[in-house]
Amino acid sequence: MADQQGGDERGVHPAGNGEGRLRRLWRRIVFAGRWIRRPNAVGQPITLQPRSARLLLLLILGNVAALVLLGVALRQAMTMSTAERPTRREIVTVPPSQPSPAPGPTPTALGRGGAIAFSLKRGGNADIYALDQGTGRLVRLTHHPAEDRCPTWSPDGNYIAFASNRADNWDIYLLDLVSGALIRLTRDPSFDANPSWSPDGQWIAFESYREGNLDVYVMSTAGKQLRALTTDPAPDYAPAWAPDSGAIVFTSLRDGSKDVFLRSLDDEEVVNLTQSPDLDEDAAAWSADASRLAYVSGPQSHTSVQVVGFDWETLSADRARTEFFGTGRAPAWAPDGESLIYAYEREGRSHVVAASMTGWAMFHEVYAAEGVMDDLAWSDTALSPRVLARAEDADPSAEQSLYTEVVQPTPAEGVPYELVVLPGVSTEEGVPFLSDQVNDSFNALRRRVAEEAGWDYLAGLDRAAIGLDHVPPTGQSRKSWHLCGRAFALGQEPYQREEPMVELVREEVGNSTYWRVFVRAAKQDGSMGEPLRDVPWDLDARRGGGGAAVDGGAPRGSVPAGYYVDFTALASDYGWERVPADWRWRTFWPDIRWWEFRKTGDLTWWDCMLEVFESEEIESAFGPIPGREG
């Protein structure tokens, strides 16, 4: 009767025969327990006969086996049920011609697994590097005196697409990591950069400056079937494919400030995702499941990393799911979406920081190096031993210096160093001088600017070294670095022309205003410089009165067309740093100081003065030297 009842239960319970078998086994165990241990034996030692022990052991083993079979059956049922419900955004198609990605180490919240590619600028030149997470090896993938940057991985991890100006203009190249072969994809004389590989392996999106406008284009991985995805007059750049290859996000200034836009490839719809007129957003990157977007927000010189949720039904960013990270740039997702990496720079040293997306405030430094690190990209495929071996053989033992500072021997008496003439340079005050400690770096910078911009901007300076009797503008300190020959002032005339040869981008860093100086290239054929991606600040707009007079100028109406060289970045390569504007810059022109650059090293101003002046001369002009009283 009990067995018949168990059969009825198997007919109505979803567990089927497995659950009925369990019920029968349980009854047998209970029966065995009653038989082995009678009520009047409670509290007494249990004595099992051999036959009874064997029966109990068989019953227990049978019960365990049944439970295992039942668990396996339930797991298979749940897996089949889940597999029947994929969504469109979870599917990434790999074409038959593309091999499936080779499995790599599993990424974690602390940044391990696969390989991270990035550009690293050392010695005034950027190259592509990769950090293999499995071995911890850093390898240099490109070696060329021209700039190589903006790496992006192919879906199978066998190729890296990047931008380079090694052929006298910016083009897109493919690096075959297996063979080491280099393939040039674009050959247009215009500017091509910022490639992004589609997840289906078929296409590469990139930014290109054609017909006087910066737009997003797409081409096949063979460099064919080129077509424009954007045509707005404002700059559109920095494309990034969605994980299902059905949409692209990019940065645009079409609404007045930098915002992240989405362009659907199905219906050509374009949507502003960030809509922040008071902020600049840039460098968007998708999470692997397309549910989140990471991007940078804030001024170019002080951006922070943000992550927002993305709603595919409304094609909008979910502000309620916004997460804020620290100061940084170039965010990139781990392949599993569990962590986010970005670059952070401090005092000339760059760091790759990994932030956990699942643990609160979990940050980890993955790598640090001297130089400027940018354009991070993460692949789940580790570098092959062949790639590691080839990169090791090709890696130079030492970086080449940009210049050699030749200093005259220190005299036995008198001041340690001299102020030396800058050959071929003039100022309104006559022959310019700089300290013997920094003049060679200036001369090297001058040659570099002339080479990249096509004209010798530094041949005419406003001033260099000044005398001890110099009277500064009202309100400015007399303790100028010009006195000791470690500062120069650019000529302002090229900025004030009707068609300016210099543009200024205003940058707020903390409570200070800085200026990024861009020099217009003499040749506008794509062989020099690159297009601007920021709206310059028009200082002359203050003459028109109104709000511009109060604000010290106004943004230009649009981004100027043409090619420019970032003078501020070049100067920094040679150790010359810009000077912040003084607090009255909005109403007092001398306080703007966009033209000021200095090279202080680790010196104090007093130490700098003692390099080129006798202590008596210094004290007669500025009073007692600190630390030398008495």
Side-chain angles (χ1 to χ4, degrees), residues 119 121 124-126 144-150 163-172 186-194 206-215 233-238 253 300 372 402 424-425 442-461 488 490-507 515-539 556 558-574 576 578 594-595 597:
S119 65
K121 190 175 184 180
N125 186 52
H144 199 279
E147 297 270 310
D148 297 330
R149 67 189 192 202
C150 310
S164 177
N165 64 349
R166 59 181 62 199
D168 294 327
N169 69 296
W170 285 93
D171 281 300
I172 307 298
T186 61
R187 295 180 178 274
D188 194 276
S190 60
F191 171 87
D192 299 326
N194 253 324
F206 62 102
E207 63 187 50
S208 184
Y209 188 76
R210 306 187 184 211
E211 299 180 359
N213 195 38
L214 186 62
D215 281 302
D236 299 326
Y237 61 96
L253 282 84
Q300 177 186 9
V372 180
L402 280 173
V425 180
F442 172 87
N443 293 331
L445 172 62
R446 178 188 168 193
R447 291 191 295 270
R448 179 78 177 275
V449 172
E451 176 186 344
E452 297 211 5
W455 60 288
D456 195 356
Y457 182 28
L458 294 184
L461 297 178
F488 66 85
L490 294 169
Q492 300 178 37
E493 187 273 334
Y495 176 74
Q496 296 168 341
R497 295 179 187 177
E498 184 175 350
E499 294 184 2
M501 292 297 289
V502 171
E503 294 288 353
L504 307 175
V505 172
R506 177 182 168 185
E507 296 182 346
W515 308 99
R516 184 164 294 272
V517 180
F518 290 91
V519 178
R520 186 174 176 84
K523 294 181 179 179
Q524 291 291 306
D525 57 2
S527 62
M528 296 178 173
E530 55 188 278
L532 293 177
R533 298 172 181 80
D534 295 275
V535 178
W537 188 261
D538 183 7
L539 291 167
R556 293 202 187 278
S558 61
V559 177
Y563 292 89
Y564 291 81
V565 173
D566 188 340
F567 176 85
T568 303
L570 288 182
S572 180
D573 290 339
Y574 292 82
W576 294 91
R578 58 188 176 174
W594 66 260
W595 48 84
F597 286 81

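Residue numbers count from 1 along this sequence. Because the structure is a prediction, the values reported are computed rather than measured.
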Original post:
Run the ring-ring contact (aromatic ring centres under 6.0 Å, His included) check on Trp595 and Tyr495 step by step: do they pass?
Top reply: CA-CA 10 Å; Trp595 48 84; Tyr495 176 74; 9.2 Å; no
Original post:
Under 3.5 Å, is there a donor-acceptor pair between the side chain of Tyr563 and the main chain of Ala453?
Top reply: no
Original post:
Does Arg556 pair with Glu503 as a salt bridge, N-O distance under 4.0 Å?
Top reply: yes
Original post:
Would you say Val425 and Phe442 make side-chain contact, with heavy atoms under 4.5 Å?
Top reply: yes
Original post:
Is Tyr574 reaching over with its side chain to a backbone N or O of Asn443, donor-acceptor style, under 3.5 angstrom?
Top reply: no
**OP:** Kindly indicate whether the side chain of Glu147, heavy atoms from C-beta on, has any atom under 4.5 Å from the side chain of Asn125.
**Re:** yes
**OP:** Apply side chain to side chain donor-acceptor pair (under 3.5 Å) to the pair Ser527 and Asp525, showing each step before the final yes or no.
**Re:** CA-CA 6 Å; Ser527 62; Asp525 57 2; 2.6 Å; yes
Subject >> Verdict with supporting geometry, Arg446 and Asp456, salt bridge (Lys or Arg N to Asp or Glu O under 4.0 Å) >> reply: CA-CA 7 Å; Arg446 178 188 168 193; Asp456 195 356; 2.7 Å; yes
Subject >> Arg166/Asp171 salt bridge by N-O under 4.0 Å criterion >> reply: no
Original post:
Between Phe567 and Tyr457, how do the two ring planes meet: parallel, tilted or perpendicular, split at 30° and 60°?
Top reply: perpendicular
Original post:
Is it true that Glu452 and Arg448 make a salt bridge, defined as a side-chain N closer than 4.0 Å to a carboxylate O?
Top reply: yes
Original post:
Quick one: are Leu532 and Pro560 in side-chain contact, heavy atoms under 4.5 Å?
Top reply: yes
**OP:** Using a 4.5 Å cut-off on heavy atoms from C-beta on, say whether the side chain of Asp566 contacts that of Glu530.
**Re:** no
